[in-house]
Amino acid sequence: MGKKAKTAIVPTREENYAEWYQQVIKLADLAENSEVRGCMIIKPWGYAIWENIQKHLDKMFKDTGHKNAYFPIFIPKSFLEKEAEHVEGFAKECAVVTHSRLEDDGKGGLKVAGELAEPYIVRPTSETIIGDSFARWVNSYRDLPLLINQWANVVRWELRTRLFLRTAEFLWQEGHTAHATELEARDETKKMLDVYAEFAEKYLAIPVYKGEKSESERFPGAVATFCIEAMMQDKKALQAGTTHFLGQNFAKASGIRFQNKDGEMEYAWTTSWGVSTRLIGALIMAHSDDNGMVIPPRVAPAHVAIIPIIKDSDQEELVMDYVTSLRDELKDVVFDGRNIEVELDTRDMTFSERSWDWIKHGIPIRIELGIRDIENDSIYFGRRDMEPKEKVSMQRTDFITSISSILADIQNNYYDRALCFRNDNTVEFDDKKEFYKFFTLRNPNTPKIHGGFASAHWCGSPECEEKIKGDLKVTIRCIPEDAKGENGFCINCGAESKRRVLFAKSY
RNA sequence: CGGGAUGUAGCGCAGUUUGGUAGCGCGUUCGGUUCGGGACCGAGAGGCCGCUGGUUCAAAUCCAGUCAUCCCGACCA
């Protein structure tokens, strides 16, 4: 039979999904492990993706009335203790600062000294320290709503880490808002969930399900938690963003009170919401293939790589003049409100090595230009949404005028592919046996990608949820917000149910 | 934090069962031949065999401890 096609990533997704993920990150130069256990070093190509995520999201936050601010990385232990559920939720994974300086230990090393009166917690999230500020900033109903966002790093001392998906330190944004009424706070929670969903679909090209978390999956201290859930190529779910309606829990804990129009004191209603560098993990697992990283053009660090092919030193000047002028011309073209960014790759490598390197990095368009193309004034290029060898030629002027629409086309193709994959692997179940079969490996000795999203009825009891989790390691990812009212019977206990929920294995 | 696996050249690995000169492939350096499809030939360079201790005339190899990484669990964005 035919030989297996050579892939740039070994192993393939099918062969070993977890290892494939690591290799994509490595060969695309996105990030690496650091000397500090569980913490990652984000390399320039990976960080540039984060910068693009930040840029677009930040604009969406500003457009919805939010302002950026910055709060301390250290939280007094007493702050964290104010909200009972909250402290219980985070206590097990906190980095604690207990000393303020180092002293010579007399043996050529250093010892810790200067014990603090009260330990500081390196923020795992900032509800409590921001709440403390809000309590001082809010006095009257005229001070509300208060709409704040912070771009920051947080630390959660995770025991099992994976680059981008779960690291001890990660970068994120956390929105924190305070409102005069419950309705307004609930609307904010909903609005920001819509912002996240729109961002995921339009920029990251990842379709998501929006919905509410069940009680067991709720953020510690929240009244209600909402999320966007995306399907990865191993058919597992990844929570890509969350928003929380905090009720008056944190307002009471931090003392965020205001005088209403009638002159009475009331507690504010607060929300919080966040997305993190985990989105880069989502990008990798939603789009990338056996040849490496795939990055949607709207968040790609660069759109085009130009690879000049120089066979003789006497061609060099001609080719280089041509490619630099092409680069400059491309840089004047605007795609998605941003000038096209070009990598001119003159590294001393064969051009096919350079071409493969850019495939692995996920650049949307690769241009390979030699003397033959230049004589015809044509551009020979490959698209990352097509096979590596499936390349085409186009007249230079045509290429310049159509590059924006080509990039838009690539962006759409990634989304359509991900949407098809997700829809093909989202299945409705009404029979418990079938449901269990869907999530059970045929042969546990040879793990294979299996399962998907299962839409099934749930009576609402934590016991049924727990049973399914215990049996199958499958959890309720969300109660979809657009689920139509439908009578049925709980997939576990058979009791009456009024709506379907989404079950899946998750990251 | 429990179970399993793995740490040997920049990367990927063999060698460990049975202790006795440190190996292979890729990459890299130099020379040559090729040159529009991840080139070929030749010659080099490159190692506290994760770390600490023990056993031994002798340890990559045996023993104890320790650290790190990966996988599976529990926990979580």
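Letters A, B, ... mirror the listed sequences (proteins, then strands); counts begin at 1. Only heavy atoms go into these numbers, but all of them, side chains included; no hydrogens, no water, no symmetry mates. Just so we're clear, the structure is a prediction, and the values are computed from it rather than from any experiment.
No donor-acceptor contact under 3.5 angstrom links the side chains of A:Q395 and A:S378, judged on distance only.
Of all nucleotides listed (B:rC11, B:rG38, B:rU69), B:rU69 comes nearest to the side chain of A:N33. Out of B:rA77, B:rG38, B:rG36, the shortest distance to the side chain of A:D373 is found at B:rG36. Picking from B:rA77, B:rG36, B:rG38 the nucleotide with the shortest atom distance to the side chain of A:T350 gives B:rG38. The side chain of A:Q22 lies closest to B:rC71, out of B:rC71, B:rC35, B:rA77. Checking B:rA39, B:rU69, B:rC75 against the side-chain heavy atoms of A:K469 singles out B:rC75 as nearest. Across B:rG36, B:rG38, B:rC71, the shortest atom-to-atom separation from the side chain of A:S352 is found for B:rG38. Comparing B:rG36, B:rA74, B:rA77 against the side chain of A:F170 picks out B:rA77 as the nearest.
Atom-to-atom distance recorded for A:W172:CH2 and A:F170:CZ is 5.5 Å, nearest 0.5 angstrom.
For the pair A:K82 and A:F79, the cation-pi test (distance below 6.0 Å, angle within 45°) is passed.
Summary of the strand contacts: A:P220 and A:I374 both lie near RNA chain B, and taking for each the nucleotide with the nearest heavy atom, the more 5' one is attributed to A:I374. Residue A:K26 is the one, among A:T167 and A:K26, whose nearest nucleotide of RNA chain B lies closer to the 5' end (criterion: closest heavy atom).
Taking a 6.0 Å sphere around CD of A:E51, one finds it holds more than 12 heavy atoms contributed by other residues, nucleotides or ligands.
Listed by residue number, the members of residues 150-165 of chain A with any heavy atom below 4.0 angstrom from RNA chain B are A:R156, A:E158, A:L159, A:R160, A:R162, A:L165.
Within the shown strands, nothing qualifies as a pairing partner of B:rG36 under the Watson-Crick or G-U definition with both distances less than 3.5 Å.
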